Every structure is written in C-alpha cells, then in structure tokens.
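As the structure lists them, so they are numbered: ligands from 1, and atoms in each ligand from 1. Source: prediction; values computed, not measured.
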Amino acid sequence: PSAMQSIDGELTGSARPHVLFIPSAGMGHLLPFFRVIAALATRDDVDVSVVTVLPTVSAAEADHLAGLFEAFPRVRRVDLHLLPFDSSAEFPGHDPFLLRWEALRRSAHLLGPLIAGAEPRVSAVVTDVTLTSHVVPIAKELGVQCHVLFVSCATMLSLLAYVPVHLDKKAGEPEHGVGDVDIPGLRRIPESYLPQPLLDLNKLFTKQFIDNGREIVNADGFLVNTFDALEPVALAALRDGKVVAGFPPVYAIGPLKSHTSAPESNEREPTGSPVAWLDEQPAMSVVYVAFGNRNAVSRDQLREIAAGLEASGFRFLWVLKTTTVDRDDTAELTDVLGEGFLERVRGRGMVTKAWVDQEAVLRHPSVGMFLSHSGWNSVTEAAAAGVPLLAWPRGGDHRVNATVVVSGGVGVWMEHWSWDGEDRLVSGEEIGEKVKEVMSDATVRARTARIGEEAAKAVAEGGTSYRSLQEFIGKIKET
Ligand code: UDP
Ligand code: UDP
C-alpha cells in the first residue's frame, strides 16, 4: 500500500480504526498474534499498535518481536514494563509461561493508561485469552471494543466458555476438579482430555481459566485460528448460542499464515539449515518431529523416540527441546541421545535444538508426515500444508486439539500414548511401527490433502476465513 492511499484514506475522513494488540507470552501465543498483526499492517485502512511486554521469557520471543517491528515499521510499539512479582516465593516450581500470564494479569491495571493515552485514539483492543478477565473490563470502561484472539481451537473455546456454567450446575457437589464436560451442541470431553491442572480447582491455571471463562461473554468478538471446514460443529455451536446463550461473534480466520514472507527463489537457504537439508531429500520421504516451543520431553522418552525413528528406516528432521525455556537448554545432543546415534543416522536424519521455520518445513515437498504434540498452531500449519499429523499430546489443550485432528481429517491420534506427568514410556518399537504405518497410509494422506485444499479455499478471496476477517474489520470500523 502506498503512503498516498493511506493519506487519502485520512483526508476523505473514512473511518480508520486503530487496533491495539495486547498479547501474552509463549511463542504459541505470540506467533498467531504476529500473523494477525501482519495481515492488518499490510492494509492501508487500519492503524496497528502492539503492547510489548518486557522482559520476555524466551530468546525466541525476543528475536521474533524484534523481527516483527523491523518487518513492519508502520506498526507502533508500546512497551509495558511488568511490575515486580516474586513468583518463585508464591508459586514455587510453576511453569514460567503460566507465571508470566499471572505477572501480566497483576500488571493489567497499567494497561488502562496505555490504552487511553495511545494516539490516534484506540478503537479496539485485541488481547490474549489468558488476560481476558482483566482486559475486557478495562476496555469496557474506556468505551473501547475488546476482542480476543483465541490461540487454540474453537472446541477449546467452547470448553472455556462452558466450564463455568458446568461448575455452577454442579455447585454443592464435592468435587476436586472439573470432571467430564458435556458441551451442549458439541461433544462430551472426558476429564482425561482436559489440561491436567483442571483436575484440581485450586491450581493457578484453573483459577485463571475459570475467571477468563466467566468474562469472555462480555468480549466484543473472538478471532479464532481455525476455519469452518475444520471445526464446523464447534463453530456452529458457539455461533448459535448453544454452548452459552448470547456468545459474542466468532470470526474463524485461519489457518493464519506466516508473517515473514517466504525467501525469494533466488535467495538460497544457508547451507546446513533444515530447509537446505530438506531440499536434498526425495519427495514425501521425511518424518518431521517437533513438540512445540515449550514442551520438554524426558531424557528417557527422547531416547525411545530416537530408537523409534532409527527403527522406522525413514529419513527424519527432529527439533528437540530438553527444557521449557530455550535460554536454559544447554544439553549436548550426544549426551541426550547417547553415543553413536547421530553417527548411525548420519545422512538420513537431522536433529537440531535451534529454532526452525516450522511453517516452511511443513510446506516443503520432502516432508511426508508430522509427529507432533498437537499444539494448536502446529495442527493448523499441518492442515494448511496438507501434511498428515501423528498426534502425541503432552499436556494443556493438546488432547482437545487431537480430537479435532481426528474429526477434521488432519491425521491420527495415539490416544493411549503417555501424557506429561504419567510415569510411563512409549517404546521406540511402538513409535517406529506407528511412524511406518502413517507414512504408508494412503487414506490418511488423501484426507489430509483434502483438508489442505479446504484450508486454501477458506483464506482465498471470498472464502469463509477471508470473509470473517472482512467482517471483523467492518466491526472495528463501527466505532
Ligand atoms: N515453532 C517454530 N519453530 C520451532 C518451534 C516452534 O516455528 O523451532 C512454531 C510452530 O510452528 C508453531 C509455534 O511455534 O507456530 C508453536 O505453537 P504450538 O501451538 O504448535 O505449540 P506450543 O509451543 O504452544 O506448545
Ligand atoms: N487457556 C484458556 N484460558 C485461560 C488460560 C489458557 O483458554 O485462562 C487456553 C490456552 O489458550 C491454551 C490452553 O488453555 O489453549 C492450554 O494452555 P497451556 O497451559 O497448554 O498453554 P499453551 O499451550 O497455550 O501455551
């Protein structure tokens, strides 16, 4: 878009909304924000600002934030310095990202002056679900629309919305956790599929989840990284008010696309990079293995995965993480995987602890399947690329997401494979067998290719997600 056009827009007095994004922490939350921010920042009829919470938890967050502002100079940066929060005293041993959400919630009152003071006047705030119960009331008081960019699936959004109603119905019954949840209009979610902390009503995560769940009906709308063909039932149940009566509008705008443009064809990938390595491999021959940006897998389980990949006989690209926060990950691959493994698989396997451009990996023609924890971004990226996903949920929303992997035709789910906190290893033999099975399953491959086509249609001009984004922009122009 040219500067002239944008000046014209202002001179002719057309409503030009200013959207202030307030993301939380963790790449699984930041990346979808960056993708929506990029989609709006390339339009000339919207102003965009982003609250940058400092300090960041991980190196990946710091790098990607810097990259965002460099790529989109029009996007304004509003820094928020968190108030001191001695989390280790209050919540010893808790997940650092969950603690960051809590720290942000406790600093949320600082957001009022940021929103009120921003120039031009803020017309809408788009925040993360983890901050909903704090940010919605602040925005309401200032007369600013408040939308939530929900970074998980519509099924998870239904769960979040319904859990408070479900608990109120059960009030009085002695209960330790949330129990099985029968979401009206959708499906029954057994307790064993829920994020593990929900089994204890006193957990910090559970308290945040319930507070946010109670407040979300007051949001002005939800942007969800999904599409109608992937979750038709959940989206209909939310939109028809079956889950919770009078639920705000749900804009299904996925699958969100990378905010960084693909390298130009004449720009070569650096030698030794995962993508350069994939360039050397035959079509659909590589098993891609990754469990997201913050899932540490135990050393014993990592060794079983290694054995399974070796036994499968297939080529593989494995992104391995041994800690929750990347800055803490100092382990040597040879120590983790045992002497000899990297030697034995040399040429047919690549293992890395670095950040890889997963979206580019999944779109690479050499990749034949994806062994994944089924973090929601990973699921949508696999769906968009039409790559079959073998879901091995580890925690949080992964099992709920895995139900969508199956119902949406993105791949298969090993329901009995272990879940974080369970003292049980999945053997290398079983992993190797399952990988072989999925790699040679033409039916699964065909279904995933079909959902990939649906994904492309959804975001193309006139598609369901394209239209949802237009509707959202229409809504923020109403102020
Ligand atoms: N990701 C990536 N490279 C990495 C690790 C992660 O590009 O080395 C991206 C991945 O593509 C996805 C996000 O980080 O977009 C992780 O989100 P997801 O919901 O899959 O899992 P989480 O990390 O939140 O558990
Ligand atoms: N979540 C939510 N409400 C909250 C907090 C989290 O709906 O108050 C969702 C969050 O978006 C994620 C899921 O609960 O989809 C599980 O969170 P987890 O701890 O696994 O973190 P994440 O994978 O999102 O980084």
Side-chain angles (χ1 to χ4, degrees), residues 24-35 57-61 63-64 94-102 104-105 127-134 148-164 194-198 203-216 222 224-225 255-260 274-275 288-296 317-321 324 326 329 352-363 370 372-382 384-385 389 391 393-401 420:
S24 69
M27 288 307 289
H29 292 248
L30 286 188
L31 278 179
F33 269 79
F34 291 177
R35 291 169 180 178
V57 182
S58 66
E61 293 172 273
D63 292 349
H64 282 79
H94 272 60
D95 172 86
F97 291 95
L98 175 66
L99 293 177
R100 170 49 59 88
W101 300 344
E102 184 62 18
L104 254 162
R105 290 165 63 81
T127 194
D128 188 79
V129 66
T130 55
L131 309 178
T132 313
S133 63
H134 286 62
V148 174
L149 168 54
F150 192 71
V151 301
S152 186
C153 52
T155 305
M156 190 70 196
L157 178 56
S158 312
L159 181 77
L160 175 69
Y162 188 66
V163 158
L194 300 177
Q196 293 95 325
L198 293 183
K203 284 270 197 275
L204 176 62
F205 176 89
T206 310
K207 289 182 176 158
Q208 292 179 355
F209 192 87
I210 294 169
D211 281 359
N212 289 327
R214 288 196 190 282
E215 188 64 35
I216 60 175
F222 282 83
V224 189
N225 182 15
L256 295 170
K257 276 199 269 213
S258 168
H259 63 289
T260 47
V275 172
Y288 172 56
V289 184
F291 295 92
N293 89 107
R294 43 169 297 215
N295 289 276
L317 168 60
W318 182 9
V319 184
L320 184 155
K321 310 228 181 271
T324 307
D326 53 9
D329 201 338
T352 180
K353 282 173 52 192
W355 180 268
V356 304
D357 182 350
Q358 175 168 300
E359 213 200 18
V361 166
L362 286 169
R363 287 185 181 278
F370 181 14
S372 166
H373 69 316
S374 59
W376 186 247
N377 295 288
S378 293
V379 173
T380 60
E381 289 159 13
L389 187 144
R394 310 296 307 156
D397 55 349
H398 310 163
R399 280 188 172 166
V400 173
N401 300 344
D420 263 0

Near Leu31 (heavy-atom distance under 4.0 Å), the atoms of ligand 1 are 9 (C), 13 (C), 14 (O), 15 (O)
Asp357 to ligand 1: N or O pair under 3.5 Å? no
His29 heavy atoms within 4.0 Å reach ligand 2 at atoms 11 (O), 22 (P), 24 (O), 25 (O)
re atom 6 (C) of ligand 2, the protein heavy-atom contact at minimum distance is Phe205 CE1, 3.7 Å
Heavy-atom closest pair (Gly28 atom, Val151 atom, distance to 0.1 Å) is O-CB, 3.8 Å
Note: Leu160, heavy atoms under 4.0 Å from ligand 2, region reported as side chain
Heavy-atom proximity to atom 14 (O) of ligand 2, picking from Gln196, Met156, Lys207, His373, points to Met156
Counting from 1 in the order shown, the ligand 1 atoms closer than 4.0 Å to a non-hydrogen atom of Glu381 are 10 (C), 11 (O), 12 (C), 15 (O)
- Counting both backbone and side chain atoms, is some N or O of Asp397 under 3.5 Å from an N or O of ligand 2? yes
In this structure, atom 8 (O) of ligand 2 is nearest to the protein heavy atom Asn212 ND2, 2.6 Å
So for Phe97 against ligand 2, with non-hydrogen atoms under 4.0 Å, the contacting part is neither
Report yes if Glu359 has an N/O atom closer than 3.5 Å to an N/O atom of ligand 1; otherwise report no. no
Of Asp326, Leu362, Asn377, the one whose closest heavy atom lies nearest atom 18 (P) of ligand 1 is Asn377
of all protein heavy atoms, closest to atom 21 (O) of ligand 2 is Arg294 NH1, 3.1 Å
Short version for Trp355: what comes under 4.0 Å of ligand 1, heavy atoms counted, is both
Gln208 heavy atoms within 4.0 Å reach ligand 2 at atoms 8 (O)
Exercise for the section: Could you tell me whether the side chain of Thr380 reaches within less than 4.5 Å of the side chain of Leu256, counting heavy atoms only? Expected result: no
For Ser152, the atoms of ligand 2 under 4.0 Å from one of its heavy atoms are 15 (O)
To atom 16 (C) of ligand 1, the nearest of Gly395, Gly26, Gly28, Ala360 on a heavy-atom basis is Gly28
Hey, does His398 come in under 3.5 Å of ligand 1, counting only N/O atoms on both sides?
no
- Message: For the 3.5 Å polar cut-off, considering only N or O atoms, please tell me whether Val356 and ligand 1 meet it.
- Response: yes
Under 4.0 Å from one or more heavy atoms of Phe150, ligand 2 contributes atoms 7 (O)
A student checking ligand 2 against Val129 at a 4.0 Å heavy-atom cut-off should list atoms 2 (C), 3 (N), 7 (O), 11 (O)
